Number of protein chains: 2
Amino acid sequence: MTTLFKPIRPKKLSEEIVEQIKSLITDGQLKPGEKIPSEREMAALLGVSRPSVREAIMVLETMGLLESRQGGGTYVRSLTDGTLAPLAAMMEDNPELLKELLEVRMGMECWAAYLAATRATDAEIREIGDSVEEMARQAVRGGWSSEVDSRFHYAITTATHNTMQLHVLNTIHELFLATIEVALTKLYSQPQYIEVLLGQHRAIYEAIAARDGDRARRAMGEHLEWVQATLPRLS
Amino acid sequence: MTTLFKPIRPKKLSEEIVEQIKSLITDGQLKPGEKIPSEREMAALLGVSRPSVREAIMVLETMGLLESRQGGGTYVRSLTDGTLAPLAAMMEDNPELLKELLEVRMGMECWAAYLAATRATDAEIREIGDSVEEMARQAVRGGWSSEVDSRFHYAITTATHNTMQLHVLNTIHELFLATIEVALTKLYSQPQYIEVLLGQHRAIYEAIAARDGDRARRAMGEHLEWVQATLPRLS
DNA sequence: GTAATGAAATGGTCATACCAATTTAATATC
DNA sequence: GATATTAAATTGGTATGACCATTTCATTAC
């Protein structure tokens, strides 16, 4: 019952200013390239102090909606979809976070392999197998896409019959792909790695097909440790 | 050829402050839930004015990394709060998903126990032990709070030395607590359960202290399976 | 019409003050 | 010793006024 009520926090002035300016931009009353009133003018119009206006403009700049130039004014930016979510952007700036996310993923994928081995339906085991066969088909032609690898892991997570697991792993996988899809595709097309990777995927599939949870977890762990060790060598 | 060169714009002070605080968060020196120094203190430490610090904090709040409370201070948020926000919405719509979240958490806590056993410093092992001792002290008086349990799990996750693990688990833990803090506190105060739970927490601590990863993982798995089985009996 | 110079406008930073909310410490009571 | 109440301290929120740095605009000279 506690979830029905949420703490009420009064809005800061800067938040209200942000909302007003956002509305003017999304309504088209402030257009891309247009200059907004100066900080001093805005403060006078809104009946607030200049620091409060500055805080709101700072926030809108962070959102990518405005752009300030010292001495020159503040302009509305074009509404392009270029801004990455903050976490993905931070991961681009800091490869150590990516390595840590890989490790978080490892824990979750191993757990997923374990659960899948204990719960998968025959149809789900077939789908995992089919994705491995698709890898083998593309391997003959020089390597497989990161989509096929995603299909494999997605099928395993689906077989856990845990919706939350699927959502969390999907979110982590998207963050992951946003950063290293190019490197992964490179990995899946190197001749010296293809057979090793294919063998690892088969081992995972076979452990799940045998409904052996511990074996599935170990096989997944070995696969992901190998990937984690091999990716840095590609750069 | 013009795209090779970008205009050079001197960085604002607030931008430099943002970068410094971001680094402290991604390096794990500022952890989720932790309070950062006050605005006045930060201004003194950085040798800048309080409005400049405030602008930086405003920006970090917009990015979802910090959260300020008037009179109360400014706290680090989990990096994954934003990206995993849909989970909270899903759980509000469908409380049955709590069981699945418990299972996701189980996988991650077991992995954390394993990593902590292999990596914890002596000081970290001491902190885990201290939180178990605090449980024992409160147990004599009828049970312990969910804060003490959080401290125990937080100490284990900190000992993994994986910042992303800490952030993801923190987000999941807050989702978890938001739903069943009352039930957990009830669980931790039932006379027939207190001794069992204390024994389970001791077993986890001892396995980590023995630096036995597999044993730590099994102990954590047993504990969380027991909790998962027992919670429904309280309603 | 163009170039140089000065003034004005604008954003960036700062010091200081005060208000509002929260936390902590001190005191009184049982 | 525990609990409740009150006061003080701490912290974030907002404001005023000042000054610096950069850009834009107006004026003047050629």
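This one's a predicted model, so the numbers in the text were calculated from it and none came from an experiment. Reminder, nothing fancy here: chain letters follow the sequence lines and each chain counts from 1.
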Do any pairs count as a side-chain hydrogen bond (donor to acceptor under 3.5 Å, both in side chains) and have a residue in residues 44-57 of chain B, sequence neighbours left out, and if so which ones?
Arg54(A)-Glu55(B), Glu55(A)-Arg54(B), Glu39(B)-Arg50(B), Glu39(B)-Arg54(B), Ser49(B)-Ser52(B)
When rounded to whole Å, the CG to C1' distance for the pair Leu46(B) and dT13(C) reads 14 Å
Can you check salt bridge (charged side-chain N to carboxylate O under 4.0 Å, His left out) on Glu109(B) and Arg105(B), steps first, answer last?
CA-CA 6 Å; Glu109(B) 294 276 10; Arg105(B) 181 176 178 242; 3.4 Å; yes
Sorted by chain and number, sequence neighbours left out, side chain to side chain contact (heavy atoms under 4.5 Å, CB included) with Ala183(B) holds for Ile180(B), Leu231(B)
Distance in angstrom units between Met42(A) CE and dG12(C) P, rounded
13 Å
What is the distance from atom CG of Leu24(B) to atom CG of Leu65(B), rounded to the nearest 0.5 Å?
12.0 Å
Find out whether Ser131(B) and Tyr154(B) are in side-chain contact, i.e. whether some heavy atom of one side chain is under 4.5 Å from a heavy atom of the other.
no
Per the under-4.0 Å heavy-atom filter, residues of residues 48-55 of chain B near DNA chain D come out as Arg50(B), Arg54(B)
Heavy atoms, side chains only, cut-off 4.5 Å: are Met63(B) and Leu60(B) in contact?
yes
Hey, where on DNA chain D does chain A first and last touch, going 5' to 3'? Cut-off is any atom under 4.0 Å from a heavy atom.
dG13(D) to dT23(D)
Among Tyr188(B), Trp226(B), Phe152(B), whose ring-ring contact (aromatic ring centres under 6.0 Å, His included) with His201(B) holds?
Phe152(B)
Between Glu134(B) and Arg137(B), does at least one N-O distance fall below 4.0 Å, as a salt bridge requires?
yes
Strictly below 4.0 Å, N to O, side chains only: are Glu41(A) and Lys35(A) in salt-bridge contact?
no
Listed by chain and number, what are the salt bridge (charged side-chain N to carboxylate O under 4.0 Å, His left out) partners of Asp81(B), not counting sequence neighbours?
Arg77(B)
Show the distances under 3.5 angstrom between N or O atoms of the protein and N or O atoms of nucleotides 5-10 of chain C.
unit_1: dT10(C); atom_1: O2; unit_2: Gly71(A); atom_2: N; d: 3.3

